[in-house]
Amino acid sequence: MEACLTEETIAAFEKACGIHLPQAYHMFLMQVGDGCESMVDGFQLNRLEDLEQKDLSRPFMLEKEWIWECEDDRYGERYDTVEQAIQENAAERFGILPM
């Protein structure tokens, strides 16, 4: 794990993004650490400073959906159902027409 973060560092990130991080994640960053490059199966936990800092205070659309179960062909039908629900929800909530 990388070094723990200070309250000031976390507050600066929250201010830059217009959000408050969940209390559990806030505590994790202060007491456990900020990111990890070598986790199980080659995964990594990004450091807070490596994340893009942009306004997250308003609702935003996902640019691309990702459902890890879909990497296995057995979930193809479920993926189609979820994708359809995402599009219908976007149309209903934001007045966006599905593609």
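Computation of the quantities below employed the complete heavy-atom set of this structure, encompassing side-chain atoms and omitting hydrogens, waters and symmetry-equivalent molecules.
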Asker: For the CE atom on Met27, are there more than 12 heavy atoms of other groups (residues, nucleotides or ligands in this structure) within a distance under 6.0 Å?
Answerer: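 Incorrect, the count does not exceed 12.
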Asker: When rounded to the nearest 0.5 angstrom, what is the spacing between CD1 in Ile19 and CZ in Phe13?
Answerer: 5.5 Å
Asker: Taking atom CG of Leu48 and atom CD of Glu2, what is their separation to the nearest 0.5 Å?
Answerer: 12.0 Å
Asker: Mark yes or no for whether Glu14, through its side chain, and Leu21, through its backbone, hold a donor-acceptor pair below 3.5 Å.
Answerer: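 It does hold such a pair.
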Asker: Out of curiosity, Met1 CE to Phe28 CZ, how far, rounded to the nearest 0.5 Å?
Answerer: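 The CZ atom of Phe28 is 4.0 Å from CE of Met1, to the nearest 0.5 Å.
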Asker: So among Glu52, Gln53, Lys54, which one has a side-chain contact (heavy atoms from CB on, under 4.5 Å) with Cys17?
Answerer: Gln53
Asker: Could you pull out all donor-acceptor pairs under 3.5 Å where a side-chain atom in residues 4-12 meets a protein atom, sequence neighbours excluded?
Answerer:
| unit_1 | atom_1 | unit_2 | atom_2 | d |
| --- | --- | --- | --- | --- |
| Thr6 | OG1 | Thr9 | N | 3.1 |
| Thr6 | OG1 | Thr9 | OG1 | 2.9 |
| Glu7 | OE1 | His26 | NE2 | 3.2 |
| Glu7 | OE2 | His26 | NE2 | 3.3 |

Asker: If you measure from CG on Leu29 to CD on Gln31, what distance do you get to the nearest 0.5 Å?
Answerer: 10.5 Å
